[in-house]
Amino acid sequence: MSAETPAKKNYKDTVRLPKTDFPMKADLVTREPLRLAKWEAGGLYQRIMKQAAGRPKFVLHDGPPFANGDVHMGTALNKVLKDLIVKSKTMAGFHAPFIPGWDCHGLPIEFKVVKEAKDLAPAEVRTRSEAYARKFIDIQRQSFKRLGVFGDWENPYLTLAPTYEADIMRTFAKFLEKGLVYRAKRPVLWSYGAQTALAEAEVEYKEKTSPAIFVTFALVNPPPGLDGANLVIWTTTPWTLPANLGIALHPGFDYICGTFTHAASGRSLKLVIATSRLEAFQAATGFVLDPTHAPEKFKGSLLNGGAAQHPFLPRRSKIIEALFVTDDTGTGAVHMAPGHGADDYIAGKEHGLKILSPVDDAGCFTAECGLPEFVGQHVFKSNEGIIAILEGKGALLGNEKYVHQYPHCWRSKTPIIFRAVPQFFIRIAAFRDEALKAIDTVNWLPAWGRNRIYGTVESRPDWCISRQRTWGVPLPIFYDAEGQAIMDHTISLKVADAVETHGTNLWFEKDDAFWSDLVGLPEGSKRCKDTLDVWIDSGSSSVAVLDRHPELYCPADVYIEGTDQHRGWFQSSLMVSVAVRGIAPYKTVITNGFVVDTSGKKISKSDQGTDKAAKPMTADHYYNKYGGDMVRLWAASVDYQNDVPFSEELFQQTGESYRRIRNTFRVLLGNLHDEEKGKEKNPVDPANSVILSKQAADLPLIDRWILERLHSVLIDCLAGYAAYDFRKVVSTITQFVSGDLSALYIDITKDRLYCDAADNPRRRATQATIREITETLTKLLAPILAYTADETWEFLGHSDSVHLEAFPQPNSTFASTEATAAVEELLKARAVIQQAIEAARQAKKIGSNLEATVKLTLPEAGFTNPVFQDLPTLQEFFILSDLHITRGSELAASVEVCTHPKCERCWKLLPDVGTHDAHPTLCGRCAEAVG
RNA sequence: GGGCAUGUAGCUCAGUUGGUUAGAGCACCGCCUUGAUAAGGCGGGGGUCACUGGUUCGAGUCCAGUCCUGCCCA
């Protein structure tokens, strides 16, 4: 062992390397739950609220997620965005309470419950549905808390709470009072097997063979050239013909009218067919267009408003035009039975057709069908008889077997029918204009959201608010002995009061006599069996939550949900609020896009458990594997106003940013290990700045520069938060950390921090600067990295949570950009120097920068900043041992191997190494520092 | 089919009122460092700015049309 070795070791011990217990490895998965437990035990959310009491308020109203299933990444994104807003508003000086909520009623839950156990009594369905909802509320609440979302988690609002349900009924009563509710028939999916209305989700598609027939309708008073002509319709449901009230043509399609002859029978008829369907029609029926006479040609719009004779009933069918008419099947003329089809209903309503639905609960014809011999007979059994009538009347042109996918009841397995039943509606037209005006009082982010909702409100039909379901809020309506609905809001209010104390189960548990007596109606009155559309539930939250909670108010400052809510919650909330109080329930509405997979396809909850389950999409997978802060950083990094592409690989990219930020914090903290006494405990002064103006003048250029940069970062981040642009905050900080701190400031100041004497003023200035930077960044990141920022804050020597802090205010001392201007010139020179050094390095002439002698040539013009006459600062900035400056034609740098001896301590190659007897292997600065 | 969006490097995104050679992060390649070390630094490759046409001295940016993808409808 040589005598040199111990000396080397000694010098290494004199180097002030960073020292911190702040771990490089975040280990978020184990550490975060501990911090969360500490927050909860200390009542952090309540303390934040208490501290903020009296400040200006900011109310973000939580749109209630459905209490069904685990937290999907899309749900996590939305909830974290809400939390970013609430936390950043809190730190910006607002009192921002967050009351989370859940949407608890509705078909998906009822569907699951009923699927598990069939034939349950309504009260039992409701008990089980509530238990189901509560189970998932707990699961989701745990996830949201684990994600670091702050809020009043022990007192959320639930749409199944009796008080909430009572408010839903009161909202409905308000609609009644204003005369906005009416009852009318409308087609629904009906299972005659289960004798109930079904929802889309309860329908399964199976193969079914139906008769497909072509039927003639003779034109009445046709335009010239079409005398004696017949429209031909095609249908697979002959039983709906008794309810036929119209025929739809496409206004833009080409139709022909010509003479058709049946080869076998020799029968001849004048028929109207869409040109594009001619060939298929001829093949199917055997009726062939007479080639000797040119057919009439016209657009579908020609016949609009005309009429055709019903083939076997004494009435006419109105001819209307409709864009949903297709030319892929049929004849281009569509049989319309508004009581038996959704399209038919809508088009029929537009054109003033009646709703005829002569079918009872069991699927049998009623007297209304106009065919006495069919009354009481099941519709599917009547197809043949109706076809026989058509044949007898000569109206049947063809009859085939047709195999198609047809909806069936998931329970009784019977084919479903469309059948019109009485429903309750809200008359939108009565307050549509008011709603449209309210839309323009709202700030929509992004701005196109305004047009989106305006369009839907403008074109939406009346709101069908009744459902033939069990798991929901009952319509507080009664029928009199004649079956007429009693539309009296005072009665509904009485029901609401009863429900407020006893819950809506009472409606299902008690009988009609009890209820009639309670609300003061005569014996024989019956209560309505329907429930309210769940969009009334959540749409009433401005009444049931914002108006009720003393710490909230309406209109709320912000609603933020996925884009699908323009037609959903944003709209239902708007309509309810406008109807009830005449204004929008929100001042600003923000939308976030959907989480989609990397091929741009939507990832829905229903894909869970299928083949796609290979790609986990639930939030717990991510916070259990990577940590809650990682999910938060991801949410803050994405462009949430558009759809958000997602995959685990993509998610891991945010891990890189996280590591970068964390490692930088670690170095910064490590370099504060021997901070001047008092600094580490320095209470935040009123200006929120550690560096006082009077010190600023003495700061070295590089420190002044980084503080100027920090000043601009701070301003950009505050603006980013104010604009809800979290991505901007993240990218600003990431670029500052990576580009300015890591690559430049820390690299450059290492030499002072490690090798200068402990109390050297420029070393102390650097430490003060580092504290200023670290405190500022920690606060700026606190809304996003809720856990990590809190951890960092602790390591900065603070005893309480960073979440009780406010954002720093910009320190005007660093608003100027003199140092920044100087550094910009320095960086141009640096780029040239680095390229020259890199060439020498690749040529194996040198290794580290410190082994180079650099000759920098500056152009005659420019580079006039005084710093270019300050060789020590230039050497420090470029991290060089040996630099020579000359002026020449253009900016250039050349590199040679430096010949000075190497200082054992600071590793620079300097001429004064060896000039100190006490330390023959050190440079002057190091010899002095070691003493 | 309609309404509203969207389309810039392998991936995710910036690109201000049209104006030099279109930027960043991640990924990738090469080198250095081993005193931020399960880290850090330097250099580098990579884009017909979806497509077509137009306005203009000049278009990623403005106009028209087409296509892709998403949401909401039909």
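Throughout, protein chains are lettered first and strands after them, A, B, ... in sequence-line order, and every chain is numbered starting at 1. Every value quoted in this text rests on a predicted model; they were computed, and no experiment measured them.
For A:Arg450 and B:rG3, the CZ to C1' distance is 13 Å, given to the nearest whole Å. Regarding A:Arg460, its CZ atom lies at a distance of 16 Å from the C1' atom of B:rA74, rounded to whole Å. Separating the OH atom of A:Tyr454 from the C1' atom of B:rC73 is a distance of 19 Å, rounded to the nearest angstrom. Taking atom CG of residue A:Asp564 and atom P of nucleotide B:rC73, one finds them 9 Å apart after rounding to whole Å. Distance A:Trp569 CH2 to B:rC72 C1': 18 Å, rounded to the nearest Å. B:rU16 atom P lies 12 Å from atom NZ of A:Lys728, rounded to whole Å. To the nearest angstrom, P of B:rC72 lies 13 Å from CZ of A:Phe570. Summarising the geometry, the separation between NZ on A:Lys19 and C1' on B:rU37 is reported as 18 Å, rounded to the nearest angstrom.
Residue A:Asp27 places its CG atom among more than 12 non-hydrogen atoms of other residues, nucleotides or ligands, all under 6.0 Å distant. Residue A:Glu928 places its CD atom among 12 or fewer non-hydrogen atoms of other residues, nucleotides or ligands, all under 6.0 Å distant.
Residues A:Glu649 and A:Gln653 bring no donor and acceptor atom of their side chains to less than 3.5 Å of each other. Between the side chains of A:Tyr345 and A:His340, no donor-acceptor pair is found at a separation under 3.5 Å. No donor-acceptor contact under 3.5 angstrom links the side chains of A:Asp716 and A:Thr732, judged on distance only. Side chain to side chain, A:Thr14 and A:Arg905 meet the donor-acceptor criterion of an N or O pair below 3.5 Å. No side-chain donor-acceptor contact under 3.5 Å links A:Gln735 and A:Asp740. Between A:Tyr626 and A:Glu648, the side chains place a donor N or O and an acceptor N or O closer than 3.5 Å (distance only, hydrogens not considered).
Ring geometry, A:Phe570 versus A:Tyr559: the interplanar angle falls from 30° to 60°, so the pair is classed tilted.
Taking atom P on both B:rC4 and B:rC42, the two are 48 Å apart, rounded to the nearest angstrom. Across the P atoms, B:rG45 and B:rC29 are found 16 Å apart, a figure rounded to whole Å. The same atom, C1', is picked in B:rU52 and in B:rC67; the two are 10 Å apart, to the nearest Å. For the P atom pair drawn from B:rC71 and B:rG65, the interatomic distance equals 25 Å after rounding to whole Å. Atom name P, nucleotides B:rG23 and B:rA64: the rounded distance is 30 Å, in whole Å. Taking atom P on both B:rU37 and B:rG41, the two are 13 Å apart, rounded to the nearest angstrom. A distance of about 9 Å separates the C1' atoms of B:rG18 and B:rU56, rounded to the whole Å. To the nearest whole angstrom, the two C1' atoms, one in B:rC49 and one in B:rG60, are 5 Å apart.
Residue contacts for A:Ser742: at a heavy-atom cut-off of 4.0 Å it reaches a base atom on one of the strands shown. Using a 4.0 Å heavy-atom cutoff across all strands shown, A:Arg452 reaches at least one base atom of the nucleic acid.
A:Asp756 pairs in a salt bridge (charged side-chain N to carboxylate O under 4.0 Å, His left out) with only one of the listed residues (A:Lys750, A:Arg925, A:Arg763, A:Arg16), which is A:Arg925.
Set against B:rA38, B:rG70, B:rC42, the side chain of A:Lys25 has B:rA38 as its closest nucleotide. Comparing B:rG41, B:rA36, B:rG70 by their closest approach to the side chain of A:Met24 singles out B:rA36. Across B:rG40, B:rA5, B:rC42, the shortest atom-to-atom separation from the side chain of A:Trp448 is found for B:rA5. Considering only the side chain of A:Phe594, B:rC71 comes nearest among B:rA5, B:rU12, B:rC71. Side-chain atoms of A:Pro645 lie closest to B:rU12 of the nucleotides B:rC42, B:rA39, B:rU12. Here the nucleotide nearest the side chain of A:Thr563, chosen from B:rU37, B:rC71, B:rC72, is B:rC71.
Scanning atom types as modelled, no donor and acceptor separated by under 3.5 angstrom connect the side chain of A:Arg567 and the base of B:rC73. Contact annotation: side chain of A:Ser731 to base of B:rA14, donor-acceptor pair absent below 3.5 Å.
In terms of position along RNA chain B, the nucleotide closest to A:Leu741 lies nearer the 5' end than the nucleotide closest to the other residue of the pair A:Leu741 and A:Ala831.
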Filtered N/O pairs between nucleotides 62-67 of chain B and protein, under 3.5 Å:
none

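Taken residue by residue, residues 629-642 of chain A places heavy atoms nearer than 4.0 Å to RNA chain B at A:Asp639, A:Asn642.
With sequence neighbours left out, the salt bridge (charged side-chain N to carboxylate O under 4.0 Å, His left out) criterion links A:Arg450 to A:Asp440.
A stem is defined here as three or more consecutive Watson-Crick or G-U pairs, each with both distances under 3.5 Å; for RNA chain B these stems are B:1-5 with B:69-73, B:10-13 with B:23-26, B:28-32 with B:40-44, B:50-54 with B:62-66.
Atoms NZ and CG, from A:Lys908 and A:Asp882 in turn, are 11.5 Å apart once rounded to the nearest 0.5 Å. Atom-to-atom distance recorded for A:Thr774:OG1 and A:Phe795:CZ is 13.5 Å, nearest 0.5 angstrom.
Classification of A:Glu851 and A:Lys902 as a salt-bridged pair fails, no side-chain N sitting under 4.0 Å from a carboxylate O.
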Could you go through residues 634-641 of chain A and list every donor-acceptor pair under 3.5 Å that involves a side-chain atom there, pairing it with any protein atom two or more places apart or in another chain?
residue	atom	partner	partner atom	Å
A:Ser637	OG	A:Leu633	O	2.5
A:Asp639	OD2	A:Asn642	ND2	3.0
A:Tyr640	OH	A:Tyr724	O	2.7

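Between A:Arg666 and B:rU37 there is a side-chain N or O to OP1 or OP2 distance below 4.0 Å.
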Report summary line: With B for base contact, S for sugar-phosphate-only contact and - for none (protein heavy atoms under 4.0 Å), nucleotides 25-35 of chain B reads BBS--BSS--B
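Geometric assessment of A:Arg662 against the ring of A:Phe22 yields a positive cation-pi assignment under the 6.0 Å and 45° thresholds.
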